[in-house]
Structure formats: structure tokens, C-alpha cells
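Only one structure is covered here, and it is reproduced in the block below.
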Amino acid sequence: MDLFPFKNFNIGSNSIIEDFATINNGVGDVFIGNNCGIGLSNVIIGPVKMGNYVMLAQNIVISGLNHGYEDITVPPRLQKVVTKQITIEDNVWVGANAVITAGVTIGKHAVIGAGSVVTKNIPEFSVAAGNPARIIKKYNFETGSWQKV
């Protein structure tokens, strides 16, 4: 746990954080809802807000942080830090080795395929995969089934 007293961190009831995971709220608050599972070796850097029943597999990076690089006379390490909120809504499943970038919202009951790089919002009841991640399935409420896009 890499937690700072000047930012918020909250983990809901019945949620777990497995071994070797890193949670960092130094540049933004981190909120983890109820009944969530944060898998082995995950890295979560705020600002991040997770709903309830979020399931994260192993080796996932979720980072609301970016370093500036625009001024070529200054090393990126010394440039301004930029943060954008990441929101992961209820009942989301994120597969192993995925990356979720700053500013992204993942909608309710979405699934992110293993190894995906999520750079844009993912709507609710969708399956997204790839680099960059794109929607490959959506849930059809009329037929009660997941359908390829």
C-alpha cells in the first residue's frame, strides 16, 4: 500500500487486495467498492473509483496519472503531472494483463479481455478486447444473449 494521508483511500466491505498489488493515492483518491477482488500484482494509481463487485484478474495496470512531455527542454520526469479520473462501474470484470488509461469510464457489467489496452470509454453490457480495446460483443436484452458486433 502506497497511501498518502492528504488524499482519500477507501475500500468497501468484503473487498480483497491480493499479494503484490500496489495501490497509490498520491496524485488522486482511490475508492474501491464493496465485494471487489483486486488480483495479484495489480497496480492502481488514482484518481480511480470502482463500483461494487468489480473483479480484477492479475497484473493489471489502472493509472489515472500521466507525465507531461511537451517541453523538450525538460525531461518528462520533471514535467507537470496530469491526472484524469478513471471510473469502473459495478459488476465489471477485467482480464489479466490489461491496461486502463487515464480518463476512461468502463460501464456496468462490461468485460475487458486479457491483455487489452483501454484508451476510450467502454459502454455498459459490452465486451471489449484488443490494443487499443474495441467493442466485440454487446448484450441484447431482447434476446437475452451476448451478440458479436
Side-chain angles (χ1 to χ4, degrees), residues 1-3 7-70 76-77 79-149:
M1 303 297 278
D2 195 8
L3 301 175
K7 294 289 184 178
N8 294 309
F9 170 75
N10 187 54
I11 183 168
S13 63
N14 301 314
S15 289
I16 59 167
I17 299 173
E18 294 183 11
D19 288 343
F20 311 111
T22 299
I23 312 294
N24 181 305
N25 72 339
V27 294
D29 299 335
V30 175
F31 297 103
I32 299 170
N34 299 319
N35 303 295
C36 293
I38 310 302
L40 293 166
S41 299
N42 281 229
V43 175
I44 300 172
I45 301 171
V48 173
K49 182 178 180 184
M50 286 185 211
N52 300 315
Y53 291 96
V54 172
M55 181 170 59
L56 303 180
Q58 304 77 32
N59 300 309
I60 296 166
V61 175
I62 300 172
S63 180
L65 166 71
N66 278 312
H67 289 273
Y69 61 89
E70 292 78 11
R77 181 168 173 80
Q79 292 192 40
K80 181 180 174 183
V81 170
V82 177
T83 61
K84 292 183 182 175
Q85 178 74 45
I86 294 174
T87 302
I88 301 174
E89 296 181 357
D90 295 343
N91 310 323
V92 168
W93 172 23
V94 180
N97 301 304
V99 175
I100 301 172
T101 61
V104 166
T105 294
I106 300 176
K108 180 179 179 178
H109 207 102
V111 177
I112 306 301
S116 296
V117 178
V118 182
T119 60
K120 297 189 183 312
N121 294 344
I122 304 298
E124 62 183 17
F125 302 102
S126 296
V127 177
N131 179 5
R134 63 179 179 81
I135 307 303
I136 61 171
K137 290 183 183 179
K138 288 188 177 182
Y139 189 77
N140 183 325
F141 285 92
E142 291 178 13
T143 64
S145 63
W146 291 90
Q147 297 181 340
K148 290 184 180 180
V149 175

| message | Side chains of Ile44 and Val30, heavy atoms from C-beta outward: is any pair under 4.5 Å? | response | yes

| query | Mind checking whether Thr119 and Asn131 have side chains closer than 4.5 Å, heavy atoms only? | reply | no

| said: Using side-chain heavy atoms (C-beta onward) and a distance below 4.5 Å, is Thr83 in contact with Pro47? | reply: yes

| request: Of all the heavy-atom pairs spanning Gly51 and Val54, show the shortest one and how long it is. | output: O-CG2, 3.7 Å

| message | Could you work out, with side-chain hydrogen bond (donor to acceptor under 3.5 Å, both in side chains) as the rule, every residue matching Asn140, not counting sequence neighbours? | response | Gln147

| query | Side-chain contact, heavy-atom cut-off 4.5 Å: Ile136 with Val149? | reply | no

| request: Assess whether side-chain contact (heavy atoms from CB on, under 4.5 Å) is satisfied between Asn35 and Asn14, documenting all intermediate values. | output: CA-CA 5 Å; Asn35 303 295; Asn14 301 314; 3.1 Å; yes

| message | Quick check against the 3.5 Å criterion: does Glu89 have a side-chain atom that pairs as donor or acceptor with the backbone of Lys108? | response | yes

| Judged by atom type as modelled, is there a donor-acceptor pair below 3.5 Å linking the side chain of Asn121 to the main-chain atoms of Thr105? | yes

| Interatomic spacing from NZ in Lys49 to CD in Gln85 - rounded to 0.5 Å | 7.5 Å

| field | Atom pair CD1 (Ile112) and CE (Met55), whose distance is rounded to the nearest 0.5 Å | value | 12.0 Å

| message | If you compare all heavy atoms of Gly46 against all heavy atoms of Val27, which two are closest, and at what distance to 0.1 Å? | response | O-CG2, 3.5 Å

| Does some side-chain heavy atom of Ile100 sit less than 4.5 Å from a side-chain heavy atom of Ile106? | yes

| task | Could you tell me which residues satisfy side-chain contact (heavy atoms from CB on, under 4.5 Å) with Asn34, sequence neighbours excluded, listed by chain and number? | result | Ser13, Asn52

| query | When you look at Val81 and His67, which way does the side-chain contact (heavy atoms from CB on, under 4.5 Å) test go after all the steps? | reply | CA-CA 5 Å; Val81 170; His67 289 273; 4.0 Å; yes

| query | Looking at Ile86 and Gly64, what are the two nearest heavy atoms and their distance? | reply | CD1-N, 3.6 Å

| task | Not counting sequence neighbours, which residues clear side-chain contact (heavy atoms from CB on, under 4.5 Å) with Lys84? List them please. | result | Ala102

| remark: Those residues at least two apart in sequence (or on a different chain) that pass side-chain hydrogen bond (donor to acceptor under 3.5 Å, both in side chains) with Asn8 are Asp29

| task | Check whether the side chains of Asn91 and Tyr53 place a donor and an acceptor atom closer than 3.5 Å, and report yes or no. | result | no

| For Glu70, which residues count as a side-chain hydrogen bond (donor to acceptor under 3.5 Å, both in side chains) partner, sequence neighbours excluded? | none

| With distance as the sole test, does Ser116 use its side chain to make a donor-acceptor pair with the main-chain N or O of Gly130 at under 3.5 Å? | yes

| query | So do the side chains of Ile62 and Val94 get within less than 4.5 Å of each other, counting heavy atoms only? | reply | no

| query | Under 3.5 Å, side chain of Ser15 to main-chain N/O of Cys36, donor-acceptor pair present? | reply | yes

| For Ala128 against Ala133, the heavy-atom pair lying closest together | CB-CB, 4.3 Å

| query | Can you tell me if Ser126 uses its side chain to pair, donor with acceptor, with the backbone of Lys138 under 3.5 Å? | reply | no

| So which heavy atom on Ala21 is nearest to which on Gly39, and how close? | CB-O, 4.0 Å

| remark: dist Ile122:CD1 -> Ile88:CD1 (nearest 0.5 Å) comes out at 11.5 Å

| Does some side-chain heavy atom of Ile23 sit less than 4.5 Å from a side-chain heavy atom of Phe9? | yes

| field | Stepwise side-chain contact (heavy atoms from CB on, under 4.5 Å) check, Val48 with Phe31 | value | CA-CA 6 Å; Val48 173; Phe31 297 103; over 6 Å; no

| Which one of Thr87, Val92, Ile38 satisfies the side chain to side chain contact (heavy atoms under 4.5 Å, CB included) criterion with Met50? | Ile38

| said: Applying side-chain hydrogen bond (donor to acceptor under 3.5 Å, both in side chains), can you list everything that pairs with Asn24, at least two apart in sequence or on another chain? | reply: Asp2

| Minimum heavy-atom distance between Ile135 and Pro123, given as atom pair plus value | CD1-CD, 3.6 Å

| query | With side chains defined as the heavy atoms from C-beta onward, is the minimum distance between Ile17 and Asn42 less than 4.5 Å? | reply | no

| What's the spacing between Asn59 CG and Asn97 CG if we round to 0.5 Å? | 5.0 Å

| message | Suppose we call two aromatic rings close when their centres sit under 6.0 Å apart. Are Phe125 and Phe141 close by that rule? | response | yes

